[in-house]
Amino acid sequence: MSEEGAPIFELLDVEKIFTITRATGPLKRETLRLPALDGVRLRIKQNTSLALVGESGSGKSTLVRILLGLNEPSNGQALFRGRPIVEARKGLRAPFHRDVAMIYQDARGSLNPRMSVEALIAEPIRHFRLCAEKEIPARVAALLARVGLPADVAKAYPAGLSGGQVRRVAIARALASEPSVLVADEAVSGLDVSTQAQLLNLLADLKRTMGLTLVFITHDLGVASYLCQEIAVLYLGRIVETGPTNDVLNAPAHPYSAALRRAAPAFFEPIAEPLPGEIPSPVNLPPGCRFAGRCPRRQDDCLALDPPLGRVLPGRHAACIHPLTGSPGGPAERGDAAPSNPDAVL
Amino acid sequence: MTALLSVQNLTLHRGSRRILDDVSFDVPKGGTLALVGESGAGKSTIAVALMGLLTRAEASVEGKAILEDTGDLFTLRPRAWTRIRGRRLAMIFQDAGAALDPCYTVGGQIVSTLRRNLGLSRKAARARAVELLESVGIPDAAARLGAYPHELSGGMQQRVMIAIALSGNPALLFADEPTSALDVTIQAQIMRLILDEVRAHGSSCIFVLHDLALASQSCDEVVVLYAGQVMEAGDAKTLLSDPRHPYTALLKSCVLEIGTAELTPPEGSVPSYDAMPAGCRFATRCPNALPRCAGEKPPLVPRDGRNVACWNPVGVPKAEAA
């Protein structure tokens, strides 16, 4: 469909600002700007798998809405194969809709309870006119088999299925349009570990055999490490670190990535010293680094300078003046860290 | 260590369905114990039954639960329960947002708990409520007394519930998945808070957890449950570092850590209660299953420093296992 190596998605300094109104008195209200995403740069290449991780409130879901074209960026450009996403998704049968499939966090809620599994999976096949009407049952059966469900599930309704089965149906429905990109929002969270492991193995297998590009939103670093080659760590609407997943998780450069890594439960380790406080509201942020308020390595210059995402090591970027590994990215940094890298700017 | 609570042969039916099948374990005094297993294993049912929150119409309970200085919990009359619940036993629920009453302020809920359980005056209860909120790490505690639950973040709501649970100075605290709705960084804060508070009060704590790694970090003892049966129980380190029961081993192999390259989950899913094998309930999915397993229930017997209920344990030479 596109030349090798060209990015499928490209975000160039994407900003998304929501305006919220809030009552300040009986007859008074004020309008506030809530920057959910701020200066996000991201390239998602064909056949890669990218994990988006971060706490609630970090902007993961807004980022996905931008990728799907459900929200238009307030500033910056969001491109799909070189075209603005909102343009690419115009039209009921635009290739974008076929090419990019989504698995929602609440799989049960994403499926119409009054449609049988067969009708749910057949819907995208019919919509995109992928095959003749009489071949549809065979296609549905093949998709069910592909996601490891028995054939008799076709006649069932979502209410009659277990949590793991419902997720598999959602995956089968997403695969029905033969997409090249699968976007999954917490697709395996809230499940038992054995069900989660079964689904992760399924997704890894689908990715390998169908050549899918995977964008996986998760809060679980273990899931990210198992399924995704690349990782992007978000904090308060910013990408604070990107790179190959296991490199980032084994030797994080950004103190926030390091804190997430430490907080993940590990066998027999004492529970790590937690980060103080909670993710602040993105309304009225102080100047300087957004993480400075909770950062154990904060220094005076962190409160003044808002660090951009810069190269710290080959293939790795972090938005930190005093990174834990590599040399600090971004322009105009000084201080006690290693000397600046001439090609650190993205 | 002596046992604070000794659960003996707890069997629970809901109608014809045997939800808990002969569950026994001891909670050491001043110790922490984790009930682990997947959904439907009966973890929360055990906690709810031990808190006396099941009515006879809902479930029939057999067996004993001997609480030190109180006796068998299952023989208590409703009036006796009101003297124990909140004072000797307290519970932290999974979803703090749902457990707190949305119609009352946080302060009101703590104050009424304190007045009822400890008989404090309104003024004393209010002062104590501020102390409690401070002790669970809520900034600006006095001002937060007037906040409604929805005005607090999930982590703060959970802290409020911990404050309420600890307000009666309970000997035994139940924490039912206290952090599964929270972010990992907040999870670490809350787990440390619960453990610090339990230690400071000299209380014991029963955690209900699905995360084995978290259980290994926070608990002295672990009870592994599957479909209402105890599979393996004992010292957390011994049991989780070198499981004997095939289910524990499989559950452990499903835990994702950074760099996990392979997952080997058990096939299929938990059978329905109507189709449960008469013997070991894990037999239908067990890679080690023998012909006798489905029909004959293995007893929970000591082996290698823990108790295990299995005819064909892992890590044991074949001849010895038989």
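Everything quoted here is computed from the prediction, not taken from an experiment. We name chains A, B, ... by the order of the sequence lines, and we start the count at 1 in each one. Hydrogens, waters and symmetry mates play no part in the numbers below; they use all other heavy atoms, side chains included.
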Trainee: Can you give me the closest heavy-atom contact between B/Glu38 and A/Thr195, atom names plus distance?
Mentor: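 B/Glu38 and A/Thr195 have their closest heavy atoms at OE2-N, 4.3 Å.
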Trainee: I need the minimum non-hydrogen distance between A/Val193 and B/Cys254, along with the two atoms involved.
Mentor: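 Nearest pair, atom of A/Val193 first, then B/Cys254: O-CB, 3.8 Å.
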Trainee: CG of A/Asn246 to OG1 of B/Thr260: how many Å apart, nearest 0.5 Å?
Mentor: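 One gets 9.0 Å once the value is rounded to the nearest 0.5 Å.
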Trainee: Of the backbone (N, CA, C, O) and the side chain (C-beta and beyond), which part of A/Arg261 lies under 4.5 Å from a heavy atom of chain B, both, or neither?
Mentor: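 Side chain only.
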Trainee: Treating A/Glu269 as the side-chain partner and B/Ala213 as the backbone partner, does any N or O pair qualify as donor plus acceptor under 3.5 Å?
Mentor: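 A pair under 3.5 Å: no.
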Trainee: Measuring from B/Glu262:CD to A/Tyr226:OH, what's the distance to the nearest 0.5 Å?
Mentor: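 Answer rounded to 0.5 Å: 7.0 Å.
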Trainee: Any idea which of B/Ser218, B/Ala236, B/Ala261 has the most non-hydrogen atom pairs under 4.5 angstrom with chain A?
Mentor: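 Top option by heavy-atom pairs under 4.5 Å: B/Ala261.
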Trainee: Out of curiosity, A/Leu191 CG to B/His210 NE2, how far, rounded to the nearest 0.5 Å?
Mentor: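 Result: 9.5 Å between the selected atoms.
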Trainee: Quick one: does A/Leu221's side chain get under 4.5 Å of B/Val184's, heavy atoms only?
Mentor: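 A/Leu221 vs B/Val184: side chains apart.
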Trainee: With only heavy atoms counted, which part of A/Ala272 is less than 4.5 Å from chain B, the side chain, the backbone, both or neither?
Mentor: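 Only the backbone of A/Ala272 comes within 4.5 Å of chain B.
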Trainee: So which bits of residues 242-252 of chain B come within less than 4.5 Å of chain A, counting non-hydrogen atoms only?
Mentor: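 The residues closer than 4.5 Å to chain A, in numerical order, are B/Leu251, B/Lys252.
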Trainee: Give, as side chain, backbone, both or neither, the part of A/Ile279 having an atom under 4.5 angstrom from any heavy atom of chain B.
Mentor: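 For A/Ile279, neither part sits under 4.5 Å from chain B.
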Trainee: Top residue by heavy-atom pair count (under 4.5 Å) with chain B, among A/Gly54, A/Gly163, A/Gly222, A/Pro265?
Mentor: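 Most heavy-atom pairs within the cutoff with chain B belong to A/Pro265.
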Trainee: Please round to the nearest 0.5 Å and tell me the distance separating atom CG of A/Leu275 and atom CD of B/Gln189.
Mentor: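 The distance works out to 7.5 Å.
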Trainee: Looking at side-chain heavy atoms only, is the closest gap between A/Ser194 and B/Arg285 below 4.5 Å?
Mentor: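 Answer yes - side chains close enough.
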Trainee: What part of B/Ser241 is in contact with chain A, defined as an atom under 4.5 angstrom from a non-hydrogen atom: side chain, backbone, both or neither?
Mentor: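 Both parts, heavy atoms under 4.5 Å.
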Trainee: If I compare all heavy atoms of A/Pro274 with all of B/Arg192, which pair ends up nearest, and what's the gap?
Mentor: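 Shortest heavy-atom separation between A/Pro274 and B/Arg192 comes out as CD-CD, 3.5 Å.
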Trainee: With the side chain counted from C-beta on, respond yes when A/Glu55 and B/Ile186 share a heavy-atom pair under 4.5 Å apart, and no when they do not.
Mentor: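 Yes, at least one pair of side-chain atoms sits under 4.5 Å.
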Trainee: Is A/Gln196 close to chain B through its backbone or its side chain, or both, or neither, when contacts mean heavy atoms under 4.5 Å?
Mentor: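 Side chain only.
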Trainee: At what distance, to the nearest 0.5 angstrom, does CD1 of A/Ile271 lie from CG of B/Leu193?
Mentor: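 Here the interatomic distance stands at 11.0 Å.
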Trainee: Do you know which of B/Ala188, B/Gly259, B/Ser216, B/Gly40 has the most heavy-atom pairs with chain A at a distance under 4.5 angstrom?
Mentor: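 Most pairs with chain A among the choices: B/Ser216.
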Trainee: Give, as side chain, backbone, both or neither, the part of B/Ala215 having an atom under 4.5 angstrom from any heavy atom of chain A.
Mentor: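 Neither the backbone nor the side chain of B/Ala215 comes within 4.5 Å of chain A.
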Trainee: Is any residue of residues 149-162 of chain B within less than 4.5 Å of chain A by heavy atoms, and which ones?
Mentor: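 From residues 149-162 of chain B, the residues near chain A are B/Ser153, B/Gly155, B/Met156.
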Trainee: Identify which part of B/Gln187 has an atom lying under 4.5 Å from any heavy atom of chain A, answering side chain, backbone, both or neither.
Mentor: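 For B/Gln187, side-chain heavy atoms alone lie under 4.5 Å from chain A.
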Trainee: As an exercise, state the distance from NE2 of A/His219 to OG1 of B/Thr185, rounded to the nearest 0.5 Å.
Mentor: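 Spacing of NE2 (A/His219) from OG1 (B/Thr185) equals 11.0 Å.
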Trainee: Got a donor-acceptor contact below 3.5 angstrom from the A/Gln198 side chain to the B/Pro266 backbone?
Mentor: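 Answer holds: yes.
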